[in-house]
Participant: 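Below is the structure I would like to discuss, written out as structure tokens.
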Amino acid sequence: MSQTVDRALSILPLLAEGPADLGQVADRLGVHKSTALRLLRTLHEHGLVYRQSDQRYRLGARLFALAQEAMENLDIREIAHPHLTRLNESCGHTVHLAVYEEGEVLYIDKVESRYPVRMYSRIGKPVAITVAAVAKLLLADLPEAERRAVAEKLEYPLYTARSTPNAPAFLKELATVREQGWATDLGGHEESINCVAAPVRGADGRVVAAMSVSAPNVVVTADELLTLLPLVRRTADAISGEYSGRTPVTTPATTPDRDSV
């Protein structure tokens, strides 16, 4: 039975490459055509494959519907939370998870710092979109035209001397973030608070969320916080791997230049 299931499931990656006829399926599986036909018929009955008019088989609509339903039912917060907790236990600092929804970047999870100095941030509260590291990652992943349109509609409050002053500067910063794959907020929202962030990606490679580690200067300096970037990126990769159902790619450990973002 297990061999039959294995053979049937092996047909799906083959058809993902494009339509194939019975002979091609049998050759790939290394079985007789009658065996391949029996497997294809079973998959066809369940809507997982479809037989075209030219007698070739392709993936069925039911398979795509199942995949879409599975994706819609995935809860990124539920998947990410154990990873955020472990990161918090490792470094001791505040950890956030954020998403982009209807023109706002919102915190959807937070693990508090173990230190007595706490950050004023709440789950469900919008972030300062022009300076927050998580916001930079989420907006940087938007298609160029949408990214530009969003940037040009935003207001640019000067929270501190390091705040992003205008749309051209913001777009330049987003281009850098998009290229390097991580972001920082080094005193851009509050002079005393620094943050490093990394993206969480879905199966298609698009950014579905962003996670960050934040800490005040009285606990760690910006330079000390930046040394955690490799750990933050590995955590984001682990969340991405679990969310997308793939093995996460190991991110090389690099220490960034604090003035590069």
Side-chain angles (χ1 to χ4, degrees), residues 76-77 84 93-113 115 117-200 206-226 228-229 232 236 256-261:
I76 186 62
R77 181 181 181 275
L84 304 182
H93 306 307
T94 302
V95 181
H96 287 108
L97 182 72
V99 296
Y100 180 62
E101 290 184 355
E102 299 181 357
E104 292 184 319
V105 175
L106 306 170
Y107 289 129
I108 61 170
D109 202 1
K110 177 183 180 182
V111 185
E112 289 280 6
S113 167
Y115 300 99
V117 180
R118 299 293 178 89
M119 286 187 60
Y120 180 72
S121 58
R122 295 196 307 270
I123 295 174
K125 180 182 177 182
V127 309
I129 197 168
T130 59
V131 292
V134 289
K136 295 172 188 176
L137 284 164
L138 290 160
L139 296 185
D141 191 62
L142 296 176
E144 183 177 0
E146 184 178 356
R147 188 165 70 243
R148 183 171 297 278
V150 169
E152 291 174 350
K153 287 191 299 184
L154 292 174
E155 296 182 357
Y156 292 84
L158 295 178
Y159 303 103
T160 75
R162 297 181 68 91
S163 298
T164 308
N166 50 49
F170 192 46
L171 287 167
K172 182 178 179 181
E173 189 168 12
L174 293 183
T176 300
V177 168
R178 185 181 179 93
E179 181 178 357
Q180 67 191 13
W182 49 269
T184 65
D185 169 15
L186 304 179
H189 187 216
E190 297 179 55
E191 290 278 5
S192 61
I193 302 293
N194 298 302
C195 176
V196 294
V200 176
R206 296 294 304 276
V207 176
V208 297
M211 54 151 299
S212 65
V213 170
S214 304
N217 285 331
V218 295
V219 176
V220 291
T221 67
D223 288 327
E224 290 170 335
L225 187 66
L226 285 168
L228 295 175
L229 180 59
V232 174
D257 179 348
R258 65 166 292 175
D259 295 324
S260 63
V261 176

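Values reported hereafter were calculated over all heavy atoms of this structure, with side chains retained and with hydrogens, waters and symmetry mates removed. Bear in mind that the values here come from a model prediction, so they are computed numbers and not experimental data.
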Participant: Might you point out which heavy atoms bring Gly188 and Thr160 nearest each other, and give the distance in Å?
Facilitator: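 Scanning both residues, the minimum pair turns out to be O-OG1, 3.5 Å.
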Participant: By side chain to side chain donor-acceptor pair (under 3.5 Å), which residues pair with His93, not counting sequence neighbours?
Facilitator: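 For His93, no residue satisfies side chain to side chain donor-acceptor pair (under 3.5 Å) once neighbours in sequence are set aside.
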Participant: Just verifying a value: how many Å separate Leu154 CG and Asn166 CG, rounded to the nearest 0.5 Å?
Facilitator: 11.5 Å
Participant: Under 3.5 Å, which donor-acceptor pairs link side chains of residues 209-222 to any protein atom two or more places apart or in another chain?
Facilitator:
{"from": "Asn217", "atom 1": "OD1", "to": "Asn194", "atom 2": "ND2", "distance (Å)": "2.6"}
{"from": "Asn217", "atom 1": "ND2", "to": "Glu191", "atom 2": "O", "distance (Å)": "3.4"}
{"from": "Thr221", "atom 1": "OG1", "to": "Glu224", "atom 2": "N", "distance (Å)": "3.1"}
{"from": "Thr221", "atom 1": "OG1", "to": "Glu224", "atom 2": "OE1", "distance (Å)": "3.4"}

Participant: As an exercise, state the distance from OH of Tyr107 to CZ of Arg122, rounded to the nearest 0.5 Å.
Facilitator: 11.5 Å
Participant: Testing the basics here: between Pro165 and Ala169, what is the closest heavy-atom pair and its distance to 0.1 Å?
Facilitator: CD-CB, 3.9 Å
Participant: Rounded to the nearest 0.5 Å, what separates atom CG in Leu225 from atom OG1 in Thr184?
Facilitator: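 Rounded to the nearest 0.5 Å, the CG-OG1 separation comes to 9.5 Å.
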Participant: Evaluate the criterion side chain to side chain contact (heavy atoms under 4.5 Å, CB included) for residue pair Asp109 and Ile123; output intermediate values, then yes/no.
Facilitator: CA-CA 6 Å; Asp109 202 1; Ile123 295 174; 4.1 Å; yes
Participant: What residues form a side chain to side chain donor-acceptor pair (under 3.5 Å) with Ser121, not counting sequence neighbours?
Facilitator: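 Per chain and number, Ser121 pairs via side chain to side chain donor-acceptor pair (under 3.5 Å) with His96, Lys110.
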Participant: Which pair of heavy atoms, one from Gly187 and one from Arg162, lies closest together, and at what distance?
Facilitator: O-CB, 3.8 Å
Participant: Minimum heavy-atom separation for Phe170 to Lys136, with atom names?
Facilitator: CE1-CG, 4.4 Å
Participant: Taking atom CD1 of Ile108 and atom CD of Glu101, what is their separation to the nearest 0.5 Å?
Facilitator: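 It is 7.5 Å, given to the nearest 0.5 Å.
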Participant: Of all residues at least two apart in sequence or in a different chain, which pass the side chain to side chain donor-acceptor pair (under 3.5 Å) check with Thr164?
Facilitator: Glu173
Participant: More than 12 non-hydrogen atoms from neighbouring residues, nucleotides or ligands closer than 6.0 Å to NZ on Lys172, yes or no?
Facilitator: no
Participant: How many angstroms lie between atom OH of Tyr159 and atom CG of Asp185, to the nearest 0.5 angstrom?
Facilitator: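 So the OH of Tyr159 and the CG of Asp185 are separated by 10.5 Å.
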Participant: Using 0.5 Å steps for rounding, measure from the CZ atom of Arg178 to the CG atom of Leu139.
Facilitator: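 The CG atom of Leu139 is 11.5 Å from CZ of Arg178, to the nearest 0.5 Å.
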Participant: Could you give the side-chain donor-acceptor pairs of residues 140-152 under 3.5 Å, partners two or more places apart or in another chain?
Facilitator:
{"from": "Asp141", "atom 1": "OD2", "to": "Arg206", "atom 2": "NE", "distance (Å)": "2.8"}
{"from": "Asp141", "atom 1": "OD2", "to": "Arg206", "atom 2": "NH2", "distance (Å)": "3.4"}
{"from": "Asp141", "atom 1": "OD2", "to": "Val207", "atom 2": "N", "distance (Å)": "2.9"}
{"from": "Arg147", "atom 1": "NH1", "to": "Ala140", "atom 2": "O", "distance (Å)": "3.4"}
{"from": "Arg147", "atom 1": "NH1", "to": "Leu142", "atom 2": "O", "distance (Å)": "2.6"}

Participant: Could I get the full list of ring-ring contact (aromatic ring centres under 6.0 Å, His included) partners for Tyr100, not counting sequence neighbours?
Facilitator: none
Participant: Write down the atom of Val177, the atom of Trp182, and the distance for their closest heavy-atom approach.
Facilitator: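 Of all heavy-atom pairs spanning Val177 and Trp182, the closest is CG1-O, 3.6 Å.
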Participant: Where is the tightest heavy-atom contact between Leu106 and Gly124, given as atom of each residue plus distance?
Facilitator: CD2-O, 3.9 Å
